[in-house]
Amino acid sequence: MIVERFAPSPTGFLHLGHGFSAITAFDAAKAQNGRFLLRMEDIDTARSKPEFEAAIYEDLRWLGLAWETPVLRQSERMEHYNAALSQLVDMGVCYPCSCTRRDIAESLSAPQEGAAQQFGPDGVIYPRTCCARSMAQKTSADAVRLDMRKAVALLDDLDKAGYTEIGENPGWQPLSPSYLIERCGDIVLARRDIGTSYHLAVVVDDAAQYITHVTRGADMAPATPIHVLLQRLLSLPTPVYRHHRLIRDDSGKRLAKRHDALALRALRDAGWTAQDVRTAVKP
Ligand code: GLU
């Protein structure tokens with residue numbers, strides 16, 4: 001049986017692009033008598049707000065979607081993220097990092113570095129300033145990073161690793177060590193403020209919820225190799241992925257949470273129906 005999920009962060013109102021993701025996942029599940037789950041990605045407790053969570057339920061109900069309850073809430077699952085982090089620490093692929101954004105920017109602009117700044121799925125690629133530190137030296141002011149070189153080296157069957165993409169660009173996507181090392185770099189596994197990260201939590205929870213199919217926007221595709229790598233390190237199954245095209249506004253800009261005009265509730269207030277949303281996002 002297929003299990004799809006929609007995993008919004010309650011840090012703003014859902015917009016047309018979120019609607020597209022949720023409808024696509026829901027329809028795919030229903031078409032195969034599968035399950036559709038909802039997950040609140042609310043690890044960022046400073047930015048997550050109960051009113052946005054309530055609005056998500058309201059907007060999804062308005063779209064005609066139904067999901068299983070109880071809804072999994074990431075803020076209640078720290079022990080699971082800690083356990084996964086410990087597993088990675090025990091594998092020797094983690095190090096503590098005290099660098100602030102400013103430290104990283106300064107180190108990258110230092111003349112001896114020379115190389116142009118590279119951006120990955122999490123922004124600037126970390127210059128590995130702290131990579132020689134050991135986990136025994138970690139303090140509460142440190143984040144924890146994945147040593148991507150060590151992680152990649154640990155996978156002896158990397159040539160067979162990858163994931164199946166369905167939807168608009170279907171096919172087998174092999175994991176590329178050079179993409180992971182050079183274009184993703186040493187990503188954060190545990191932020192110093194919240195003790196986990198999106199990458200770690202999403203991988204742990206997709207497995208915990210037995211998700212077979214991940215449907216999300218194409219903006220997430222660059223991070224998927226990170227997720228597949230983490231799945232392999234943690235011996236978790238890799239779902240099938242569908243990265244759908246992004247919905248853009250009239251000027252071609254990608255929608256963001258602050259895009260109030262195309263928020264589902266703004267469209268609803270303007271007289272749209274759920275069917276109008278489906279028509280608007282139809283390829
Ligand atoms: N919580 C993420 C977001 O709001 C979704 C990521 C995912 O679907 O994996 O964009």
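We count ligands from 1, going down the list as the structure has it; atoms in each ligand are counted the same way. Scope of the values below: all heavy atoms of this structure, side chains included, with no hydrogens, waters or symmetry mates.
- Of all atoms in ligand 1, numbered sequentially from 1 with element shown, those under 4.0 Å from a heavy atom of E41 are 1 (N), 2 (C), 5 (C), 6 (C).
- Listed by atom number, the atoms of ligand 1 under 4.0 Å from R216 heavy atoms are 7 (C), 8 (O), 9 (O).
- Side-chain atoms of D206 and H227 include no donor-acceptor pair closer than 3.5 Å.
- The side chain of Y198, and not its backbone, has at least one atom closer than 4.0 Å to an atom of ligand 1 (non-hydrogen atoms only; side chain from C-beta on).
- For the pair A7 and ligand 1, the shortest N or O to N or O distance falls below 3.5 Å.
- The atoms of ligand 1 that sit less than 4.0 Å from any heavy atom of V202 are 9 (O).
- When heavy-atom distances to ligand 1 are checked against a 4.0 Å cut-off, R5 comes that close only through its side chain, counted from C-beta outward.
- Remark: the D44 side chain and the Y198 side chain contain no N/O donor-acceptor pair separated by less than 3.5 Å.
- Other residues, nucleotides and ligands contribute more than 12 heavy atoms inside 6.0 Å of the NZ atom of K30.
- Residues S21 and H244 bring a donor and an acceptor atom of their side chains to less than 3.5 Å of each other.
- For D219, the salt bridge (charged side-chain N to carboxylate O under 4.0 Å, His left out) partners two or more places apart in sequence, or in a different chain, are R254.
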